[in-house]
Protein chains: 2
Amino acid sequence: MTYNEFKKLVNLSKEEISGQILERNRDSIKVKKEKKVIDNLIRIIDATLAICSKKSFQAMSIRDLSAESGLSRGALYSYFTNKEELLILIQSQGREIAYRVLTEQIAKGNDPVEKLRLAIKSHIYLSEAMRTWFYFTYIEARNLPKDEQKRAIESELLTEKIFIDIINEGIKEEAFRDVNVALAAAVIKAMLQDWYLKRWKYRNRKVSVDNYADFVIYVAESTLLIK
Amino acid sequence: MTYNEFKKLVNLSKEEISGQILERNRDSIKVKKEKKVIDNLIRIIDATLAICSKKSFQAMSIRDLSAESGLSRGALYSYFTNKEELLILIQSQGREIAYRVLTEQIAKGNDPVEKLRLAIKSHIYLSEAMRTWFYFTYIEARNLPKDEQKRAIESELLTEKIFIDIINEGIKEEAFRDVNVALAAAVIKAMLQDWYLKRWKYRNRKVSVDNYADFVIYVAESTLLIK
DNA sequence: CAAGAAAAAACGGACATCCGTCTTTTTTCT
DNA sequence: AGAAAAAAGACGGATGTCCGTTTTTTCTTG
């Protein structure tokens, strides 16, 4: 699987994502026409992610968001009840999509070696397709209120659990060496995250997403496969 | 080398660090008595790092800092000209220490394999000894003004260059496989950073700093050493 | 050593500005 | 025309910074 194949495979239209947000937040969204809501949610989220790739969410004012999205401050407050809820809304939706796509993809693998490759590729490709979203989710997690922060941590551990399970399975089937599983999963995750956290670096060096994914797989397999 | 040995080896007293800050910023510090400056710089930096481990630098108000440090708002402004300069001050000093300690340690290695181990251990041990400092430097880098941001990026690339050089040397001496050097250095760096970015995770799992360093070395050597 | 003067450092009120949010008014769409 | 949506404006509160004043420390002089 290459990145282009992945993109065709996984449909991640903005309309669909905003539709899901509407479903989950009907109560707090005051505008009734569904088409309007979806259009404006897209504008709001696009604007938020664009601004927050340059400065922090805290530093982004509602006035900034108004200017970037083209909606007035008053109008914005028809789509979320307060600024913090906007943060939570984007974060929780981001986590939801990531987990869903990841589990869907890995289910296609037949053995641990194939599953590990699929998991690595899916994660990197997904973070590439939703670059700004992933960056935002990671970098702004610490500004969430306590209970949402807890959910973010659970989500991080859940993703890691996927790798832990694959590696354990591989050890049981004697395809992988008997390494410290939790640590192996943790460092693989660290490598995956580097792709969207240090995007500027890889762009400058002209490292393609396929190059990067292949290299992470190489490192993981060098560490895990029976010699 | 273990973490405890490293800590004894590298003297990182707060007084020394604050003394260096004073040297580099004499112009903007209005207080004259050296002892006073050093004492209060320690209080200010400790307070800043403590607050910013819980919320962002932006979210920390000068009033917060005043309460935590025990200095009045007016007094604080005798040690920096504005809030942004305080951020720059801590960041640039953090980078300076990190680079100095790292290069000092690696110079002790005799061959690429030994140097690589030393570089990995030094980096992880240093980030452990200066945990809050490293976290702050990483997480708040994006809130720096443009020109300081550039310096932070240069510093990141400089650290990575250390690993690139070691790996290149290893390949030339036929101790390492002929891998993509830049990518190998990048993913090693990603693993190193995970130690201080996800400190809570490793603490919960009771992974010691020595455990972690050994595992990263294991991954790096599995990837690089000739089979 | 003591005591008063001078210098240094710390304090904290004041101010302009900006921000999130709420309310009221205007515009748009059916 | 009437309901829905957007825009505009107002408001209270918080923030960074300045600066006149007070407190602490250091120096000087007997």
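Each chain gets a letter, A, B and so on, in the order its sequence line appears, and its residues count up from 1. From a predicted model like this one, the values you see are computed outputs, not experimental measurements.
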TODO: Determine yes or no for a side-chain-to-main-chain donor-acceptor pair under 3.5 angstrom, with B:S78 supplying the side chain and B:V31 the backbone.
DONE: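 Flag not set: sc B:S78 to bb B:V31 has no pair under 3.5 Å.
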
TODO: Look only at the side chain of B:K121 and the backbone of B:M1, and say whether a donor-acceptor pair between them is shorter than 3.5 Å.
DONE: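 Side chain of B:K121 to backbone of B:M1: a pair is present.
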
Return the value, rounded to whole Å, for the distance between atom [atom1] of [X] and atom [atom2] of [N].
X      : N      : atom1 : atom2 : result
A:K35  : D:dA5  : NZ    : P     : 14 Å
B:K32  : C:dA6  : NZ    : C1'   : 12 Å
A:Q58  : C:dC19 : CD    : P     : 12 Å
A:L65  : C:dG20 : CG    : P     : 10 Å
B:F80  : D:dG16 : CZ    : P     : 10 Å
B:N143 : D:dG16 : CG    : P     : 13 Å
B:Y77  : D:dG20 : OH    : P     : 17 Å
A:K33  : D:dA6  : NZ    : C1'   : 16 Å

Per [X] side chain, nearest of listed nucleotides [options]:
X     : options                : value
B:Y79 : C:dT21, D:dA4, C:dA10  : C:dA10
B:K36 : D:dT26, D:dA4, D:dT25  : D:dT25
B:V31 : C:dT21, D:dG16, C:dA10 : C:dA10

Open item on the list: I'd like to check A:V101 versus A:S122 (side-chain heavy atoms, cut-off strictly below 4.5 Å). Are they in contact?
Closed with: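 In short, these two side chains do not touch, never coming nearer than 4.5 Å.
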
Task: Sub-6.0 Å ring centroid separation between B:Y138 and B:Y135 - done: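 B:Y138 vs B:Y135: aromatic centres not under 6.0 Å.
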
Open item on the list: What contact category does B:N40 fall into here, base, sugar-phosphate, or nothing, at under 4.0 angstrom with non-hydrogen atoms?
Closed with: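 Here B:N40 touches the backbone only, sparing every base.
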
Open item on the list: Using a 4.0 Å heavy-atom cut-off, does A:D64 contact any base of the nucleic acid, only the sugar-phosphate backbone, or nothing at all?
Closed with: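 Nothing: the residue A:D64, judged by heavy atoms under 4.0 Å, touches no strand.
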
- [ ] Would you please say whether a donor-acceptor pair under 3.5 Å links the side chains of A:Y77 and A:N82?
- [x]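 Note: A:Y77 and A:N82 side chains miss the donor-acceptor criterion.
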
Task: Ionic contact status for B:K161 with B:D165, cut-off 4.0 Å - done: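 Salt bridge flag = yes for B:K161 with B:D165.
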
TODO: Considering just the side-chain nitrogens and oxygens of A:N82, establish if one lies under 4.0 Å of OP1 or OP2 belonging to C:dC22.
DONE: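 Looking at the OP1 and OP2 atoms of C:dC22, neither is under 4.0 Å from any side-chain N or O of A:N82.
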
Task: G-U wobble or Watson-Crick pairing nucleotide for D:dG12 (cut-off 3.5 Å, both distances) - done: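 In the structure as shown, D:dG12 has C:dC19 as its Watson-Crick or wobble partner.
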
Open item on the list: Only pairs with both distances under 3.5 Å count, Watson-Crick or wobble alike; so what is the partner of C:dC29 in this structure?
Closed with: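 When the pairing criteria are applied, D:dG2 turns out to be the nucleotide that pairs with C:dC29.
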
Task: Cation-pi check, A:K83 onto A:F57 ring (under 6.0 Å, within 45° of axis) - done: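 The answer is yes; both the distance and angle limits are met.
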
Pairwise N/O distances under 3.5 Å, protein to nucleotides 11-18 of chain C:
from   : atom 1 : to    : atom 2 : distance (Å)
C:dC11 : OP2    : B:S72 : N      : 2.5
C:dC11 : OP2    : B:S72 : OG     : 3.1
C:dG12 : O6     : B:G74 : N      : 3.2
C:dG13 : N7     : B:R73 : NH2    : 2.9
C:dG13 : O6     : B:R73 : NH2    : 2.8
C:dA14 : N6     : B:R73 : NH2    : 3.2

